[in-house]
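This report concerns only the one structure given below.
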Amino acid sequence: MGEQSQQTAPIQYDYTVAKMFLVSTILFGIIGMGIGVFIAFELAFPELNNLFGEFGTFSRLRPIHTNGVAFGFTLSGIFATWYYVGQRVLKVSMAESKFLMTVGKLHFWLYFITILLAVVTLLSGLTTSKEYAELEWPLDILVVGFMVLWGISIFGLIGIRRERTLYISIWYYIAAFVAISMLYVFNNMELPTYFVTGMGSIMHSVSWYAGTNDALVQWWYGHNAVAFVFTTPIIAIIYYFLPKESGQAVYSYKLSLLSFWGLMFVYLWAGGHHLIYSTVPDWMQTMGSVFSVVLILPSWGSAINMLLTMKGEWNQLQSNPLIKFMVLASTFYMLSTLEGPIQAIKSVNALAHFTDWIPGHVHDGTLGWVGFMIIAGIYHMTPRVFKKEIYSKKLIEIQFWLQTTGIVLYFSSMWIAGITQGMMWRAVDEYGNLSYSFIDTVEVLHPYYTMRAIGGAFYLVGLFIWAYNIYKTFKCGRELSDKEINVNASPMAS
Amino acid sequence: MKKIVIVSVLTSIVLIGVILSYVGNIIGDDMVNILSVLAAIVILGLTVGVGLKYVNQMKNDKAGGELADENWDGIGEYKNNIPVGWGVSFIGTIIFFIWYLLAGYPVWSFSQIGQYNEEVKEYNKKFEEKHKNMTKEELQDMGESIFLVNCAPCHGVTADGMGGKAADLTKRISAESVKYVIEHGSNIGLVGEGIAMPDRNGLFNTNTGAPLTDEEIETVAQYVANGFVGKKGAEIFAGTCAACHGPDGKGQPFVAPNIRNFTPELVQAVLEHGKKGAIGTMPSFRVEDLRLTETQQKAVGTYISNLSSEE
Amino acid sequence: MFHWLEQRPFFFTIGVFMVVAFAGLIEILPNFAEASRPVVGTKPYSILELAGRQVYIKDSCNACHSQLIRPFKSETDRYGMYSLSGEYAYDRPFLWGSKRTGPDLHRVGNYRTTDWHENHMWEPTSVVPGSVMPSYKHMFSNTVDVETAYAEMVAVNKVFNVPYNKPIKMKDGSTTTVKLPDSLDEAKQEILKEAKEIVKDMKNQDVKDMVEKGEIPEIVALIAYLNSLK
Ligand code: HEM
Ligand code: HEM
Ligand SMILES: [Ca+2]
Ligand SMILES: [Ca+2]
Ligand SMILES: [Cu+2]
């Protein structure tokens with residue numbers, strides 16, 4: 001590939017849009033997880049439900065938490081890194097195209113407004129109730145709008161690229177874009193009742209699908225919202241930031257390739273594991289189970305590829321807190337992609353489904369993998385986009401250990417809670433009658449709910465440290481020269 | 001390598017210990033429970049083990065291999081082969097895939113409803129064998145857990161009706177309820193379909209030869225509610241109610257129910273029909289709706305009868 | 001050789017799309033013909049029930065409650081007969097939920113009553129000490145949006161042929177019909193009539209007064225909905 005010879009003058013990348021998304025990542029992270037911590041405390045101390053009248057109940061706030069972290073925090077993180085990584089691995093600057101620059105800014109503002117509206121509508125009880133697709137139809141249109149803009153940005157930048165071959169991260173960004181768009185549209189087919197009748201609230205809609213069909217479409221979507229928001233683009237992030245920060249070459253191209261296509265092929269089949277022992281036909285449920293198990297290896301492939309990239313680099317792991325974040329993130333990714341498939345096996349799902357073991361699984365993925373990768377990616381970007389040295393390495397260390405403790409508290413308590421609860425629901429006495437009333441199975445969970453809330457609070461404090469560190473970097477970090485920036489390990493003051 | 005195995009085995013053992021200390025007493029011989037505990041151990045043990053293997057390589061191994069030509073923003077790529085363990089495990093999961101589809105839960109024949117029917121059949125058989133003729137103590141014992149699961153949300157764990165939210169089952173009946181029945185009559189099938197009690201217009205006090213007065217109603221209600229004590233009440237009762245409910249209030253088959261004590265039959269009748277009364281609505285727990293079986297109804301009836309007789 | 005696709009973003013994207021879309025075709029489409037047939041005894045929601053369902057959704061009860069009884073003895077003992085696909089034929093959206101912080105509600109109408117719900121929704125711990133369920137006092141003063149409930153009824157009838165005004169077979173062999181009011185005014189009368197039935201069994205005086213004045217408090221609609229779950 002002859003392109004290397006063009007590298008005469010370094011390209012001046014334009015990070016305007018990346019910076020905007022960087023800020024919204026932090027903002028929505030704090031809001032979304034702040035609410036997460038609050039609702040976690042509500043389950044431990046239900047009096048908290050009364051603090052803000054109808055707007056403070058667990059049930060009103062839970063969708064704001066899930067939407068806030070998935071579509072606020074995580075999508076922001078994905079977009080922030082896209083507007084950073086995209087330019088660099090395609091070797092083209094946003095500044096070179098006024099059009100793409102405008103699209104990027106529009107993308108940000110449309111996105112930002114959508115998320116704010118999401119918070120307002122969900123808080124006032126405007127929801128369709130389908131998990132991760134709660135937003136009512138006018139907001140769906142806005143979502144489609146900013147996804148289209150993202151698509152234009154991706155393919156526009158690719159169109160004017162100088163690097164002929166697409167880097168692994170770009171594969172995953174493309175996949176995320178394609179899958180999210182397709183799934184979102186199908187699962188949000190809604191009939192706004194106002195347009196049929198000319199009566200009632202203009203915001204109200206009913207699902208295009210009914211009952212079991214609705215469930216089927218919902219979890220085909222829901223599972224893959226997980227796959228293509230919490231997984232695929234996060235793999236894009238790790239494939240760039242870990243090799244870049246460590247200066248190591250990716251361990252194996254073949255492994256990247258097999259993992260990518262394996263993941264793409266298998267992921268969509270697995271949605272049935274959310275419907276095990278439901279009224280969906282048996283064979284579909286079975287497909288969901290088996291494909292989930294096959295999914296372990298394509299998932300582990302990426303994690304292993306990253307861990308092997310760090311072969312022989314123990315000293316970096318010890319000295320660089322960002323490497324710590326990313327190596328632990330890979331490990332949590334392995335944990336949750338082994339846990340999920342095992343929970344997808346029918347006889348295990350019989351116990352695990354509906355219990356707290358599921359939120360346990362959710363959060364060792366989201367906190368350990370999604371959260372850590374976004375935090376590390378943003379930290380890596382910060383000195384490069386602001387041209388300032390990171391304010392404090394020590395704070396990053398503290399944040400790392402605090403949040404790791406938080407995750408361990410979170411998932412261990414939810415594992416115990418879930419398994420206990422699942423067993424109590426099934427337990428029978430010597431006559432074969434149920435041993436426990438439902439409330440017995442609620443009351444035993446109190447200590448674990450408390451422990452989870454405390455773990456979550458640790459994680460949240462970590463986020464505040466993160467925000468503070470980045471704010472201080474921006475305000476009073478030492479200015480860096482271009483030469484100091486073009487290194488692998490992120491420059492940080494002790 | 002040895003160290004890694006040791007650490008992951010240790011992790012698993014610690015995990016087994018922790019899990020058992022929490023749920024050991026409820027696991028029982030339920031396959032689902034056993035598999036789930038095993039699953040938790042495998043998940044953590046395997047992740048820790050494999051994670052440590054790579055940490056070990058970070059410590060002791062060295063990066064190497066043939067580099068590809070390309071690099072992206074300075075990131076290179078080795079042309080290394082896939083790790084053997086990974087490839088083998090991948091094939092392993094595909095074998096599992098085939099096994100699960102063809103033998104584990106055969107796609108063309110497995111039915112979860114069939115599995116359910118089996119489960120129920122097996123249970124019923126076991127129950128028949130073990131508890132064919134239950135003693136009163138056994139019924140009571142069985143009734144208690146049925147009560148706690150099904151009835152406590154309304155009647156409270158002590159069955160006292162939680163401050164009037166449902167009937168107090170530790171006493172046969174409150175004055176309020178008696179008055180309500182006399183005012184409105186009753187037709188909820190306590191002694192048989194359609195065998196009703198008339199309202200006050202149909203009740204004659206044979207002592208006075210006139211319908212009951214408000215005062216008399218009050219008196220007889222107190223009399224019934226307070227365990228059949230009081231001279232005045234006894235007179236009214238004998239004159240008005242005894243004809244159907246018997247002189248001692250213990251009822252007569254197919255005529256009127258026992259209003260002095262709960263009997264299993266009475267409770268069973270309430271469970272079959274539900275009851276709407278002075279306090280509120282009691283839902284039915286009919287055999288037909290799969291709410292409670294006949295044996296379960298009898299058991300909980302025995303339990304309740306016993307609660308009030310202790311006083 | 002392998003780089004061919006990665007150098008052609010267009011074909012790469014098409015490739016990803018095909019691989020990803022494939023599973024959906026095979027797994028989802030076959031069910032569509034099958035699953036929308038109602039079982040005997042399943043009838044469309046009345047206007048008050050539908051308004052109550054909207055309240056249930058508005059307050060995301062599905063965050064804690066499932067409506068799906070799995071075919072295990074431990075579940076049928078606790079909640080009643082396992083759920084059947086056809087029972088959900090008129091559920092748009094479905095409300096199976098995915099987490100049981102509280103118990104399943106698919107057949108709660110069989111074993112809980114209006115007066116119990118009234119106590120429980122006002123203050124759950126008053127009937128179930130130790131409950132972590134929030135109290136929903138605001139439902140006793142907020143009123144439902146009758147117009148939107150009626151709009152939903154008309155819309156699903158028009159677009160999805162939900163059988164209002166048509167005979168529906170019940171389990172005991174009888175037939176019944178669920179009425180679709182002809183106009184908004186009629187809908188308002190109908191919903192009030194249903195509300196009065198529910199309020200008879202309630203104790204809260206403010207709620208009774210509101211219904212007397214022709215308003216429909218959210219709690220009344222919600223209870224009608226919960227009672228319909230059987
Ligand atoms: C191989 C990969 C994975 C498989 C096969 C898998 C499987 C599962 C299963 C079986 C459930 C439980 C369904 C239920 O019984 O309710 C589940 C739930 C969930 N998983 Fe995973 N999982 C995987 C990876 C992940 C990862 C990496 C994340 C996040 C980073 C994640 C996030 C979630 C979420 C958010 C839910 C909850 C869905 C709901 O709301 O019910 N999963 N997953
Ligand atoms: C401070 C950290 C966090 C805390 C304390 C927290 C707390 C919670 C709580 C209490 C729930 C409700 C569980 C239930 O219904 O029983 C929940 C659900 C959920 N959270 Fe978080 N959360 C945190 C961070 C995150 C992050 C970073 C993400 C994603 C990136 C996330 C994604 C989710 C999802 C997808 C669910 C729904 C799970 C399900 O339905 O099974 N959370 N969280
Ligand atoms: Ca929507
Ligand atoms: Ca869920
Ligand atoms: Cu899934």
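Fair warning: this is a prediction, and the values are worked out from it, not measured in the lab. Chain A is the first sequence line, chain B the second, and so forth, proteins listed ahead of strands; every chain is numbered from 1.
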Whatever's closer than 4.5 Å to a heavy atom in chain A on Ala39(B) counts as both
So for Ile342(A), is it side chain, backbone, both, or neither that comes closer than 4.5 Å to the heavy atoms of chain B? side chain
Which bit of Glu138(B) comes within less than 4.5 Å of chain A, counting heavy atoms only: side chain, backbone, both or neither? both
Chain B contact via Leu307(A) - side chain, backbone, both or neither, heavy atoms under 4.5 Å: both
Give, as side chain, backbone, both or neither, the part of Lys62(B) having an atom under 4.5 angstrom from any heavy atom of chain A. backbone
Top contributor to chain A contacts, counting heavy-atom pairs under 4.5 Å, from Asp141(B), Val37(B), Asn60(B): Asp141(B)
Could you tell me which portion of Phe127(B) (side chain, backbone, both or neither) has an atom closer than 4.5 angstrom to a non-hydrogen atom of chain A? side chain
Interchain contact, Phe411(A) with chain B, by part (heavy-atom threshold 4.5 Å): side chain
Checking heavy atoms, do the side chain of Leu148(B), its backbone, both or neither come under 4.5 Å from chain A? backbone
Just by distance, do the side chain of Trp86(B) and the backbone of Leu297(A) share a donor-acceptor pair under 3.5 Å? yes
Of the listed Ile296(A), Leu434(A), Leu351(A), Asp429(A), the one with the largest count of heavy-atom pairs under 4.5 Å with chain B is Leu351(A)
Heavy-atom contact with chain B under 4.5 Å, split by part of Glu339(A): both
Check each atom of Ser336(A) against the heavy atoms of chain B and say whether the ones under 4.5 Å are side chain, backbone, both or neither. neither
Where does Trp415(A) contact chain B at under 4.5 Å (heavy atoms): side chain, backbone, both or neither? side chain
Chain A heavy atoms under 4.5 Å from Asp30(B): which part of the residue, side chain, backbone, both or neither? side chain
Pick one of side chain, backbone, both or neither for Ile345(A), based on which atoms fall under 4.5 Å of a heavy atom in chain B. both
Could you name each residue pair satisfying ring-ring contact (aromatic ring centres under 6.0 Å, His included) that touches residues 138-159 of chain B, not counting sequence neighbours? Phe147(B)-Tyr303(B)
Please flag which part of Met31(B) lies under 4.5 Å from any non-hydrogen atom of chain A: side chain, backbone, both or neither. neither
Is it the backbone or the side chain of Asn150(B) that comes under 4.5 Å from a heavy atom of chain A, or both, or neither? neither
Side chains of Met58(B) and Trp314(A) in contact at under 4.5 Å (non-hydrogen atoms): yes
When you compare the side chains of Asn433(A) and Ser145(B), does any donor N or O come within less than 3.5 Å of an acceptor on the partner? no
Interchain contact, Phe438(A) with chain B, by part (heavy-atom threshold 4.5 Å): neither
For Thr331(A) and Tyr54(B): C-alpha separation, side-chain torsions, deciding distance, then whether side-chain contact (heavy atoms from CB on, under 4.5 Å) applies. CA-CA 10 Å; Thr331(A) 314; Tyr54(B) 293 113; over 6 Å; no
Measuring from atom CG of Asn80(B) to atom NZ of Lys311(A), what distance do you get when rounded to the nearest 0.5 angstrom? 6.5 Å
Which of parallel (below 30°), tilted (30 to 60°) and perpendicular (above 60°) describes Tyr167(A) and Trp72(B)? tilted
Where does Tyr123(B) contact chain A at under 4.5 Å (heavy atoms): side chain, backbone, both or neither? side chain
With a 4.5 angstrom heavy-atom cut-off, is it the side chain or the backbone of Val42(B) that approaches chain A, or both, or neither? both
Cut-off 4.5 Å, heavy atoms of chain A, and the answer for Lys130(B) is side chain
Do you know which of Met334(A), Glu313(A), Lys244(A) has the most heavy-atom pairs under 4.5 Å to chain B? Lys244(A)
Quick one: pull up CD in Gln57(B) and CE in Met310(A) and give me the separation to the nearest 0.5 Å. 13.0 Å
Which bit of Ile27(B) comes within less than 4.5 Å of chain A, counting heavy atoms only: side chain, backbone, both or neither? both
Pairing donors with acceptors under 3.5 angstrom, does anything connect the side chains of Tyr105(B) and Asp282(A)? no
Need one label for Ile170(A): side chain, backbone, both or neither, based on atoms under 4.5 Å from any heavy atom in chain B. neither
Atom pair CD1 (Ile419(A)) and CG (Asn33(B)), whose distance is rounded to the nearest 0.5 Å: 10.0 Å
Is it the backbone or the side chain of Ala63(B) that comes under 4.5 Å from a heavy atom of chain A, or both, or neither? both
Between the side chains of Asp73(B) and Tyr240(A), does any donor sit under 3.5 Å from an acceptor? yes
Is it the backbone or the side chain of Val444(A) that comes under 4.5 Å from a heavy atom of chain B, or both, or neither? neither
Side chain, backbone, both or neither of Met284(A) within contact of chain B (heavy atoms, under 4.5 Å): neither
Whatever's closer than 4.5 Å to a heavy atom in chain B on Ile416(A) counts as side chain
Among residues 282-296 of chain B, those lying within the under-4.5 Å heavy-atom range of chain A are Gln296(B)
Region of Glu430(A) that comes under 4.5 Å of a non-hydrogen atom in chain B: both
